[in-house]
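Encoded as structure tokens, the structure appears first; notes follow it.
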Amino acid sequence: MSRHRTPWWILLGLVLGARPAGAQEAPSPRNASYVMAVRLDPASKTLEGRQTVTWRNIEAAPTRELLFHLYFNGFRNNHSSWMREDRLRRRLDPGERLRPEDWGWQEVKEIKLLPEGTDLTGRAEFAAPDDGNSEDRTVLRIPLPRAIAPGESVSVSIAYAAKVPRTFARTGFRGRSFFLSHFYPEIGVYQEDRWNCHQFHGVTEFFADYGSYDVELTVPAGWVVGATGREVGRRDGERGTTTHHYQENDVHNFAWTTSPDYQVRETRFAVDGLPPVDMRLLVQPEHLGQVERHFAATRAALEHYGRWYGPYPYGHVTIVDPAYGSRVGGMEYPTLFTAGTRLYNPPRGGSPEGVTIHEAGHQFWYGIVGNNEFEHAWLDEGFNQFSEGRAFETAYGPEHLVRRYLSLPGRGRGAGGFFPLLFDELTVDRDVRAMNAYRPGATSDIEAHPTFLYYPPGANSITYAKTALWLMTLERMLGWPTLQKIMATHFERWKFRHPRPEDFFATASEVSGQDLTWFFDQVVRGSDSFDYSIDSVSSKPGGVEGWTEGDRGLAYRKPGKADSKLFHTEVVARRLGGGVFPVEVLLVFQDGGELRQSWDGQDRWKMVTADRPAKLRYAVVDPEHKLALDLDTTNNSRVLEPAAALPVVKWTSRWMLWLQDLLATFTFFS
Ligand SMILES: [Zn+2]
């Protein structure tokens, strides 16, 4: 990139900013658009960049300032808010030493207001709106000399330099492999008459307006590049470099990767009823045997999410298989995502299929529907976790085998870091997998609280697993056709926009035709957990005087002669958690007869009685397991005599699975 050349990007930026008619026809508001040029120097691990950002005020109030994220400063030193939070999360290995070249930073060198060219560099200042941390430099506030009125556009050109960190998480270098996200100054979102521009936090990072990106990436000649968008041109430059030109519309972020080591494979997704998608895979040479598995999993996401929620509109997607140990696996960016696999990877090991479906799925929940991830990460991560499990099950079968591994403790956490020392094969349902992740942090936070304020060690449990479980609960309560319609309606209404939680709640109640406030009050606005159990069962010969449930409903009975042939059965169900959910209590008798009673679940316990000619065999609360949020299903049933216990056997095996998961290291992708 040349700093002294005619600034063509300024001209293009002005063109982009001055076409309100075109913007109205576009799928998204396109009110935050970038024209940028970036040069990577792999030797010094630095970036030099210049960009023109054209921003249009789509709110009803004027503003006299612009706020930008400078994410790379989260890696500047130990005092950034990201680093402080990450220590709580314990992402770094114990005793891990950082070298000077490991840190990253970003310096804004020049800011000019266009077209007049007013120099704003000296006015800019760092801000810490979330925690007041004066040492955090991840938000830059730029006061403007004039107000930007509603509907008005403004363009600023920014020159910056950045040091690429070694990857602490998601972005950085590993050897000569570079994955670059959040590398440029990113404008925040002006919403409800204020700037929503959070600092860089340990567990959340995305919220930006949609726009057009026109990006030139300069790297050593011969290096493979993958990026958001399509490559529209390429030219060789001086000193052995090549500049790759990428463009994309209606996205809210831009990421790219480059390495001389990637192998490139391409194919096309084409199914009836959905638009075709060109798939490009950048794969590590040692993983060439897994190419088709990456494509198959991506196809599964594009097809099932596309049919359930709405079609993928961009026509192309880039899948990145990151370098071993690079810590960038399992992340989503518009039209590009990182998967992650292992060298020795038997079929159906859960990876790369699970992570690939998850990250491809983020193109829908995160990419197309762009909620505020800093504040409500569950709206994308939780929806995606639920959808990933459902797509996996649909594509690979509900009773798929999952090979499980024990990992070497301490080193190499994250995708690519597991050694398959030992494994066994088990059947794992998607609700069991979600529950295993939810249980350790079940009550650690109220889901409705801003995600960036979650207690970091419990954040994944709430954001991903709890949301997936309450969506499964809704699926079983309302039926999949209704939940699918709810999610498709939400998708259609909020694609290329920023939905809030209340928007989803309103759509859910509207589409289902019932007021679901009581449900969201508990699962999103509360932190209580759910646990229903069968506390005691008894079944004895002879009747007992009192009110009892018979074949014709509740009746007062006095024991008579005939009662000597009856068994008096008493079952006590209890609500052990704070959460309330309507359940059924099912009594199954030894003659095969059944008694099923509804319970609104409000009281702390309920007794079900029966006088029947047969003894009780077993009792179950919530026999269809509609309440996927139930923390402990091992107490959901009880048999009168241990020999008779078919349903309990199944739950017992799940219990053992849970114990195994407690012993295994569990890492989450994003
Ligand atoms: Zn995710």
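Values below: every heavy atom of this structure, side chains too, minus hydrogens, waters and symmetry copies. All ligand and atom numbering here is 1-based and tracks the order in the structure.
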Contact check: Glu381 to the Zn ion (ligand 1), N/O/S below 2.8 Å: yes
Residues Arg430, Glu388: salt bridge by 4.0 Å N-O rule: no
Salt bridge flag under 4.0 Å for residues Lys495 and Asp250: no
Atom name in His358, limited to N/O/S, at shortest distance from the Zn ion (ligand 1): NE2
Ring centres under 6.0 angstrom apart (Trp480, Trp308): yes
Pair Phe183 and Tyr71, ring centroids less than 6.0 Å apart: no
Atom name, His362 (N, O or S, nearest to the Zn ion (ligand 1)): NE2
